[in-house]
Colleague: 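Sharing a structure, written as structure tokens. Questions coming.
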Amino acid sequence: MSTSLLLVTLFFLSTAISSSTSPNHFTVKLIHRDSPRSPLYNPQATATDRLNAAFLRSTSRSHRFNHQPQADLQSGLIGAGGEFFMSITIGTPPTNVLAIADTGSDLTWVQCKPCQECYKENGPIFDKNKSSTYKNEPCDSRHCNALSTTERGCDESNNVCNYRYSYGDQSFTKGDVATETISIGTASGSPVSFPGTVFGCGYNNGGTFDETGSGIIGLGGGQLSLVSQLGSSISKRFSYCLSHKSSTMNGTSVINLRTNSIPSGTSKDSSVLSTPLVDKEPQTYYYLALEAISVGKTKIPYTGSYGTSSATTKGNIIIDSGTTLTLLDSGFYDGFGAAVEESVTGAKRVSDPQGLLSHCFKSGNAEIGLPEITMHFTGADVKLSPLNAFVKVSEDMVCMSMIPTTEVAIYGNFAQMDFLVGYDLETRRVSFQRMDCSAGLGL
């Protein structure tokens, strides 16, 4: 098994962008957060250190997806635990912003001057008073009302809509809801601009946010997310292709925002598999229906039923590019883990020295034989490679990159590596096509 299994997480950084001349067709390259090209690269950290940090972020992030009627459970992000960054410009004249890109959040927000309280930021802080295209949203606007009652407020003296988010790690942001021109670069050198984009101008922010980032870019399914607002500009479609080699200098991953970004046709390696998105509250998250998981030829019905009493309820798992591990219902996991253990050859089960992963196997001098794992979503049987389901934590030990949870199930980014994963928000479907994402897809 290759040491390339030592995969951690990615972040968006538009150091290189490819596109056609059409504004509804552009691709942003991704750089692994632990790559030597990353501004967060720590040469002192070992591969094991990076893995453990990513796993801890996965379990922490999973708590954010619980749908509870509390203000701090709406955003789906642990303040400094974001896995991705994305570079955009905002305002006129434009200010460069590097912010956490989050498929579990809707409203995009950035730090804004004048600050009441802002955390230290390496880059420039956006000054709304210096932008000719900045405009506050009134309290009775449809954009203001798109926020939940726990997330919105009103500055009645100025008729300005306010937002407020707080997070489980004591991080927080408060500010005004406004519209502004947001631009994303293209290969031609001319950025594509989207005037009138709704965002949060945060003047009261603090906690554990990283100095590298300026805020959050919402890529969730709700009406205030960036992908929802781009809407017809990208034909309500986007996709990403995450490479298992992206922690190296040569690995490349991409996100595609364009009309033809969805997988189509059959390649020499893989056909396109498609499953419905399940409409469920909150609309921020992308819910799928997981019917069963196969371990080799043994098919095990999935019994997870987050949010209801029915074990066959649709929308029982969230697909999320920002969570590293896959989390499965603990009631299902016992039988699933036993089936995996029975199928592994050349190794014995051992405990994870870090206590983070559930099923680990140590080989000694033998070669470890790992079973094929198949995720049976409605209408799509997605076969995982060992890279998708297992992680090498030392030279003679591998662990499953799937763990039990008593909360919402999450289909994490390890399981999505080397698949082109497409989201069609018009037809409400997610598609998967196996391919080598390290090729820097022009798509």
Colleague: For the residue pair R434 and M417, what are the closest heavy atoms and their distance?
Modeller: NH1-O, 3.6 Å

Colleague: Taking side chain as C-beta onward, heavy atoms only, is E180 less than 4.5 Å from C201?
Modeller: no

Colleague: Heavy-atom distance under 4.5 Å between the side chains of L224 and V177, does that happen here?
Modeller: no

Colleague: Going by the angle between their ring planes, with limits at 30° and 60°, are F432 and F377 parallel, tilted or perpendicular?
Modeller: parallel

Colleague: If we ignore angles and hydrogens, is there a donor and acceptor under 3.5 Å between the side chains of S431 and S274?
Modeller: no

Colleague: Using the test side-chain hydrogen bond (donor to acceptor under 3.5 Å, both in side chains), find all partners of D279 that sit at least two apart in sequence or belong to another chain.
Modeller: R428

Colleague: T378: what forms a side-chain hydrogen bond (donor to acceptor under 3.5 Å, both in side chains) with it, not counting sequence neighbours?
Modeller: E291

Colleague: May I have the list of side-chain donor-acceptor pairs in residues 334-344 shorter than 3.5 Å, sequence neighbours left out?
Modeller:
residue	atom	partner	partner atom	Å
E341	OE1	R349	NH1	3.2
S343	OG	A339	O	2.9

Colleague: Quick one: are V421 and I319 in side-chain contact, heavy atoms under 4.5 Å?
Modeller: yes

Colleague: Taking the side chain as C-beta and beyond, is there a heavy-atom pair between N162 and K174 under 4.5 Å?
Modeller: no

Colleague: Do the non-hydrogen side-chain atoms of L290 and L328 ever get within less than 4.5 Å of each other?
Modeller: yes

Colleague: Whether the side chain of D418 engages the backbone of C437 through a donor-acceptor N/O pair (distance < 3.5 Å, no angle test) should be reported.
Modeller: yes

Colleague: Is any side-chain heavy atom of L226 closer than 4.5 Å to a side-chain heavy atom of T197?
Modeller: yes

Colleague: Looking at every non-hydrogen atom in both residues, tell me the closest pair between T406 and S330 and how far apart they are.
Modeller: CG2-OG, 3.7 Å

Colleague: When you measure from the side chain of S385 to the backbone N and O of L387, does any donor-acceptor pair fall under 3.5 Å?
Modeller: yes

Colleague: Determine the minimum heavy-atom distance between S321 and N413, stating which atoms define it.
Modeller: O-ND2, 3.0 Å

Colleague: With a 3.5 Å distance limit and no angle check, can you tell me whether T284 reaches the backbone of G221 through a side-chain donor-acceptor pair?
Modeller: no

Colleague: Whether the side chain of Q416 engages the backbone of Y411 through a donor-acceptor N/O pair (distance < 3.5 Å, no angle test) should be reported.
Modeller: yes

Colleague: For A380 and T275, work out which heavy atoms get closest and say how close.
Modeller: CB-CB, 4.1 Å

Colleague: Is T405 reaching over with its side chain to a backbone N or O of E407, donor-acceptor style, under 3.5 angstrom?
Modeller: yes

Colleague: Taking all non-hydrogen atoms of both residues into account, name the closest pair between L288 and P276 and its distance.
Modeller: CD2-O, 3.7 Å

Colleague: With rounding to the nearest 0.5 angstrom, report the OG to CD1 distance, S105 to I217.
Modeller: 11.0 Å

Colleague: How far does SG of C360 sit from CE of M400, to the nearest 0.5 angstrom?
Modeller: 9.0 Å

Colleague: Of all heavy-atom pairs between G412 and T326, which one has the smallest distance, and what is that distance?
Modeller: N-OG1, 3.1 Å

Colleague: For S214 and E121, does a side-chain donor sit closer than 3.5 Å to a side-chain acceptor?
Modeller: yes

Colleague: Rounded to the nearest 0.5 Å, how far does CG of L420 lie from CE of M435?
Modeller: 4.5 Å

Colleague: Pick from L230, L425, V227, T427: which one makes a side-chain contact (heavy atoms from CB on, under 4.5 Å) with K236?
Modeller: L425

Colleague: Are any side-chain N or O atoms of D176 and backbone N or O atoms of A178, one a donor and one an acceptor, separated by less than 3.5 Å?
Modeller: no

Colleague: Enter the distance from F172:CZ to N205:CG here, rounded to the nearest 0.5 Å.
Modeller: 7.0 Å

Colleague: Should F194 and Q229 count as side-chain neighbours, where that means a heavy-atom distance under 4.5 Å?
Modeller: no

Colleague: Using only atom types and a distance under 3.5 Å, with no angle test, would you say the side chain of K280 pairs donor to acceptor with the backbone of G315?
Modeller: yes

Colleague: State, with a plain yes or no, whether a side-chain heavy atom of S225 is found less than 4.5 Å away from one of L219.
Modeller: no

Colleague: So, the side chain of Y423 versus the backbone of L277: is there a donor-acceptor pair under 3.5 Å, distance only?
Modeller: no

Colleague: What distance do L327 atom CG and Y333 atom OH have between them, rounded to the nearest 0.5 Å?
Modeller: 9.5 Å

Colleague: If we count only N and O atoms by modelled type, under 3.5 Å, do the side chains of S171 and Y165 hold a donor and an acceptor together?
Modeller: no

Colleague: For the atom pair CG (L325) and OG (S358), what is the distance rounded to the nearest 0.5 Å?
Modeller: 11.0 Å

Colleague: Using the ring of each side chain (for Trp, its six-membered ring), is F361 parallel, tilted or perpendicular to H359, with breaks at 30° and 60°?
Modeller: tilted

Colleague: Is the Lys NZ or Arg CZ of R152 less than 6.0 Å from the centre of Y163's six-membered ring, within 45° of the axis?
Modeller: no

